[in-house]
Amino acid sequence: MENRPKRLAPSPSNRLVNWSLLLLPAALMGAFGGVLEAFAILLYGLVFAVAVVDLWLSRNRFTSLNPQMPAVVRLAKDSRNEVPMHLEHQGCTGFELEVGLLLPAHLGAEKLTTKLRIEGTTGQSSFGWPCKPTRRGTTSVEVIHLGFPSRFGFWKLRRRYTVKSEWRVYPNLASEYRSLAGLFLNRGSSGIHRQRQLGRGREFEKLREYQPGDSVEDVAWKASAKRQSLVTRVYQVERTQEVYAIIDASRLSTRVLPVRDTDRSTDTVLDRYITAATLLGMAIQRQNDLFGLSVFSDGIDSFIRAKSGVGHRQACTNTLYGLHARTVAPDFSEIITSLKMRLRKRALLLFLTDLHDTVAAEQFLEMIPLLSRQHVVIVHMLSAEGTQPLFTSEPPAGVEQICSQIDGHVRWQRLNSVRENLARHHVRCDFSSDERFCTDLINRYIEVKQRQLI
């Protein structure tokens, strides 16, 4: 597709400036008047005329240049990326082209301009634009500038070209992959690991004659009465189960986490939720289960029913990478009521939220029995820094550290109270550090599946 350039923007080159400086003595001599003045005017007029002619002859130069950029560029946060770009040129050879791209600061572009040597009269030149994004999300890049010299070199000519490119920055999963490498090894058809299944299964398969050793609980008494002999029910392990990640994108997820690596930018609690949910979806796919996603804040932001397949995984990824926390209070009653109405089949619900806030915790405790009676509910939280009981860290060195440790003990005690209250409603509540958050979440899912609790 041809990219038509916008208007031409000229600026004086170093050559034109140098010529003007060389003629400066003549201009000073022309101040004495007479022949010297006429000579100075003639010289400056000649240079001016040549510059005007140069600009006029170059007004349509290189109009055949056609810069191209991918319609969708996929990048990884905190990872150095090379964005591929192409330049189609016809009738242009033997000159140096300057390419300029104005990008937002969060895309981490290493340079604003680059120089490209054009060789050959026709063809296509390719180059990469290095960048290291520091924030997730989508950015539209719409303008690219090309700069080139005029025919006599007195001007630098710039043209602006309109492009339509969407740069998508996804979470960086490289560090999490290293910690979860063992979980994602293919070890048989069962998925992540060949886990030993506990229990007898939940899904009815068939009836058969009673055999010595069968449990009395499995005897089908009505069928036995009809057949005049003992008949036993046989159950099978349900292989395909529904697992939902429910992500809190409210003000509770705006907390900034300490930087773990100097090569990485800061992450928020929501960033960790998104990374964990992405890896959880991959693990669930390896286990041949169905993965669903729901995002809420002061309402239901999005809901994707549990499915499998490439298209479904792409839909979940597109929903996750563009999420941003909103400074609003979470509405737990809305999300819990919505899940109660939409989910008919028993499922595993993993809430990625923060119950450090007393008001939010009370609302969650009030509404969660609607789900815990039918579904397996687990609340997975990030431990806040310093939230721990007294006398479990180094002795305080001053008054400030004493107050900080007391505050951390109060928060720890409050969270333990929330955990105990949730346990009364058969809801498990886990606290994980930033480094262990993703690993603990996936291990919890594997544990539930192994025990056949769904």
Side-chain angles (χ1 to χ4, degrees), residues 69-81 83 102-109 129 131-142 163-177 243-257 264-282 284-285 291-331 334-335 338 350-354 380 382 437-438 441:
M69 193 182 300
V72 178
V73 177
R74 293 178 172 85
L75 309 172
K77 180 176 176 290
D78 296 322
S79 177
R80 191 179 185 278
N81 304 266
V83 179
L102 184 60
L103 298 174
H106 66 266
L107 288 178
W129 201 276
C131 60
K132 187 179 180 180
T134 59
R135 192 177 69 189
R136 290 178 299 97
T138 303
T139 302
S140 296
V141 179
E142 300 179 350
V163 294
K164 292 183 179 180
S165 181
E166 184 179 77
W167 291 28
R168 301 177 181 177
V169 182
Y170 294 90
N172 191 347
L173 306 179
S175 59
E176 305 298 338
Y177 268 134
V243 182
Y244 284 86
I246 299 100
I247 298 179
D248 184 356
S250 67
R251 62 177 178 81
L252 302 178
S253 305
T254 57
R255 176 164 55 93
V256 178
L257 301 174
R264 301 186 62 177
S265 57
T266 56
D267 284 341
T268 62
V269 172
L270 181 61
D271 290 325
R272 301 304 295 152
Y273 290 168
I274 292 172
T275 302
T278 303
L279 292 171
L280 177 65
M282 298 170 63
I284 290 171
Q285 183 184 14
F291 175 66
L293 180 67
S294 182
V295 181
F296 73 98
S297 52
D298 57 345
I300 310 299
D301 296 339
S302 62
F303 177 81
I304 301 177
R305 188 166 293 279
K307 294 180 182 179
S308 61
V310 178
H312 174 73
R313 185 173 67 251
Q314 187 63 39
C316 293
T317 302
N318 292 338
T319 301
L320 286 172
Y321 86 91
L323 283 182
H324 295 286
R326 302 169 55 197
T327 55
V328 294
D331 192 347
E334 179 72 18
I335 181 63
S338 175
L350 294 163
F351 278 85
L352 305 183
T353 185
D354 192 339
H380 203 65
L382 265 170
F437 188 78
C438 298
L441 180 66

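Across all their heavy atoms, Asp78 and Lys132 have their closest contact at O-CE, 3.7 Å. Nearest heavy atoms, Ser302 versus Thr319: OG-CG2, 3.5 Å. Scanning all heavy atoms of the two residues, the minimum distance from Gly299 to Glu334 falls at CA-CG, 4.2 Å. The two residues Gly137 and His324 come nearest to each other via the heavy atoms CA-NE2, 4.2 Å. In terms of heavy atoms, Leu252 sits closest to Asp354 at CD1-O, 3.1 Å. The two residues Pro133 and Ser79 come nearest to each other via the heavy atoms CD-O, 3.6 Å.
Scored by the side-chain hydrogen bond (donor to acceptor under 3.5 Å, both in side chains) test, Thr266 finds no partners at all (sequence neighbours excluded). A search for side-chain hydrogen bond (donor to acceptor under 3.5 Å, both in side chains) contacts involving His106 returns Arg135, Thr139, not counting sequence neighbours. For Leu257, the side chain to side chain contact (heavy atoms under 4.5 Å, CB included) criterion is met by Arg255, Val269, Arg272, Leu382, Asp434, not counting sequence neighbours. Residues that satisfy the side chain to side chain contact (heavy atoms under 4.5 Å, CB included) test with Thr254, not counting sequence neighbours, are Ala325. Under the side-chain hydrogen bond (donor to acceptor under 3.5 Å, both in side chains) criterion, Asp331 pairs with Ser333, sequence neighbours left out. Remark: Phe437 engages Tyr273, His380 in a ring-ring contact (aromatic ring centres under 6.0 Å, His included) (not counting sequence neighbours). When the side-chain hydrogen bond (donor to acceptor under 3.5 Å, both in side chains) test is applied to Trp167, the partners found at least two apart in sequence or on another chain are Ser165. Applying the side chain to side chain contact (heavy atoms under 4.5 Å, CB included) test to Thr138 and every residue at least two apart in sequence or in another chain returns Glu166, Arg168, Tyr321.
Note that SG of Cys316 is 4.0 Å distant from CD1 of Ile304, once rounded to the nearest 0.5 Å. Between the CZ atom of Phe303 and the CD1 atom of Ile335 there is a distance of 8.0 Å, given to the nearest 0.5 Å. Here the SG-CG distance, from Cys131 to Leu75, works out to 5.0 Å after rounding to the nearest 0.5 Å. Atoms SG and CG, on Cys438 and Leu279 in that order, are 5.0 Å from each other to the nearest 0.5 Å. To the nearest 0.5 Å, atoms CD1 (Ile247) and CG (Leu323) are separated by 6.0 Å. The distance from atom CG of Leu293 to atom OH of Tyr244, rounded to the nearest 0.5 Å, is 10.0 Å.
Pairs passing the salt bridge (charged side-chain N to carboxylate O under 4.0 Å, His left out) check and including a residue from residues 291-320, sequence neighbours excluded, read Asp298-Arg326, Asp301-Arg326.
Distance alone, capped at 3.5 Å, places no donor-acceptor pair between the Ser294 side chain and the Ile246 backbone. Remark: side-chain polar atoms of His312 are paired, donor with acceptor, to backbone N or O of Phe291 under 3.5 angstrom.
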Legend entry - Chi angles and distances behind the side chain to side chain contact (heavy atoms under 4.5 Å, CB included) call for Leu352, Leu441: CA-CA 9 Å; Leu352 305 183; Leu441 180 66; 4.0 Å; yes

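Using a 4.5 Å cut-off on side-chain heavy atoms (C-beta onward), Asn81 and Val73 make no contact. Thr278 is not listed as a side-chain neighbour of Tyr170, based on a closest heavy-atom distance of 4.5 Å or more. Proximity of Leu270 to Arg136: side-chain heavy atoms (C-beta onward) are separated by under 4.5 Å at one or more points.
Looking at Lys77 and Asp271, no side-chain N of the basic residue comes within less than 4.0 Å of a carboxylate O on the acidic one, giving no salt bridge.
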